[in-house]
Number of protein chains: 2
Amino acid sequence: MPSATRKPQSRRAARREAIRDRLLEVVQRLLDDGESFTEISVERMVQEAGMSRSTYYVYFEDKGDLLRAWFGEIESEIAAAVSGWWEIDADSSREDLRAALARVVEVYHPHAPLMAATYDAAEYDPSVRELVNAMMGANIASLRKHIRNGQAAGFIDPDLPPAETAQWLTWMAERAFHVFLRGLRPAQLRTQIDAYTAIVWNTLYAPVRTGA
Amino acid sequence: MPSATRKPQSRRAARREAIRDRLLEVVQRLLDDGESFTEISVERMVQEAGMSRSTYYVYFEDKGDLLRAWFGEIESEIAAAVSGWWEIDADSSREDLRAALARVVEVYHPHAPLMAATYDAAEYDPSVRELVNAMMGANIASLRKHIRNGQAAGFIDPDLPPAETAQWLTWMAERAFHVFLRGLRPAQLRTQIDAYTAIVWNTLYAPVRTGA
DNA sequence: GGTTGATCGTACAGTATGTCCGGACACTAT
DNA sequence: ATAGTGTCCGGACATACTGTACGATCAACC
């Protein structure tokens, strides 16, 4: 009998992580082959990972649980990358912005397929939807705050409506990351980052620079 | 017996349209209640429209066929609205741009729920996916051409990479229309159109104006 | 050698999709 | 009136996927 003090949860949690990673690898591969998460059945997933379906349901509540387990871990990594943007201020150059946005793209890029799967699953799985909405909400709120600060400090176009502009720009990035940056080779990202930088720079920061 | 010269297809086609509209009304209502198209079963749809499930399959191939039938008709309406944007040139004011974009938003807005459903169904229905990709591709190509023309004519920032910028801006609009403009009352659209105009104006046209 | 934990196979209920068919009903031409 | 035609309904069916349950198996470990 295992002692009551030795928590039995930790072994199980570790096992869950191992299985999760094994499955995510399979899912990633199937996604790269052009299938959507909705089209991938648990049976298929589990079979290609060499595991029985019943084992899956030992560790995961349902199909979406796999993505939820992954999302929780990745979220902070993304948030850390994005936070570099908020350090842009009156003293920053366009190159500084480019570096900050490039970092976001580069951190996001390897996770694009699974991220897209998560946004896909959000369409029919309410608990995934909640996660996704929370993340987007947080990102939008951060950018809105940055815009407000920048307007107060005079380095962001004062004519922009902060909340709405934050919404448009944040969702723009979301689509870009999931739809057309996905699958690009790192070298091909350069021009995409150029375009992203140009849009953000021209929209937010350029108007008050050329004017000054 | 109906004469062989009197095409029996026309009656059927008309009937199909009538049924399609009846069903789309139901779907629209369910979507407005916060459900996603994936979550709505044919059974439910058909039942709330007071029709049998077998009748549905007389007129439609599968679940996605309903959306495909609708999408074909609506596409040209959208395309017509967007084409106003391409008339912006060196002589146009920011107000002209705003009017053009406002028209796009206003034409799109009432169709937002069904459009979102179509983009949702694209995740698991390949033939819907094809339609959606074709439309986005066409829109992106139009904007890319506009950017190229504008750069040649000197009224659009020459530093922008045309293809990539077109991609980012087009997908930005897609998300906006489907995700957060959806459900807004017409009066609430004003500030959103302001933000949209500001982003497009600052990105494309403003840089070469303040500079000149 | 017996206990434990992890996994497997299988079976089951529930739900959805798409197909098929027989019957009911109305309209219409003869 | 009646037979043909178009339209719809209800139900049955095959298939597929989800999530749950349970007994069997196998390896590790005291």
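All chains are named by letter (A, B, ...) in the order of the sequence lines, taking the proteins before the strands, and each is independently numbered beginning at 1. The structure presented is a predicted model; accordingly, all values stated were derived computationally and were not measured.
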Worksheet item: When you measure from the side chain of B:Arg11, which nucleotide among D:dT7, D:dA12, C:dC8 comes out closest?
Response: D:dT7

Discussion item. Tell me every residue that passes salt bridge (charged side-chain N to carboxylate O under 4.0 Å, His left out) with B:Asp89, counting only those two or more places apart in sequence or in another chain.
Written reply: none

Discussion item. C:dG5, OP1 or OP2 - any side-chain N/O from A:Arg15 closer than 4.0 Å?
Written reply: no

Fill in: Verdict with reasoning, B:Lys145 to B:Trp86, per side chain to side chain contact (heavy atoms under 4.5 Å, CB included)
CA-CA 9 Å; B:Lys145 192 175 147 197; B:Trp86 315 143; over 6 Å; no

Worksheet entry | Evaluation steps, ring pair (Phe, Tyr, Trp, His ring centres under 6.0 Å), between B:Tyr108 and B:His178 | CA-CA 9 Å; B:Tyr108 219 110; B:His178 300 159; 5.6 Å; yes

Worksheet item: Would the number of heavy atoms belonging to other residues, nucleotides or ligands and lying under 6.0 Å from CD of A:Glu61 be above 12?
Response: no

Response to the item:
Rounded to whole Å, CZ of A:Arg53 lies from P of D:dC17 at a distance of 10 Å

Worksheet item: Going by an N to O cut-off under 4.0 Å, is there a salt bridge joining A:Glu87 and A:Arg103?
Response: no

Response to the item:
Note: contacts of residues 25-47 of chain B with DNA chain C (heavy atom, under 4.0 Å) are B:Ser41, B:Val42

Discussion item. Salt bridge or not between A:Asp32 and A:Arg29? Use side-chain N to carboxylate O under 4.0 Å.
Written reply: no

Worksheet entry | CA sep, side-chain torsions, deciding dist, call: B:Thr165, B:Leu204, side chain to side chain contact (heavy atoms under 4.5 Å, CB included) | CA-CA 9 Å; B:Thr165 307; B:Leu204 302 180; 4.2 Å; yes

Discussion item. Rounded to whole Å, how long is the line connecting atom OH of A:Tyr124 with atom P of C:dT15?
Written reply: 19 Å

Discussion item. Under a 3.5 Å distance rule, please check whether A:Ser36 uses its side chain to pair with a backbone N or O of B:Glu123 as donor and acceptor.
Written reply: yes

Worksheet entry | Residues from residues 54-68 of chain A lying under 4.0 Å of DNA chain D - heavy atoms | A:Ser54, A:Tyr57, A:Glu61, A:Asp62, A:Lys63

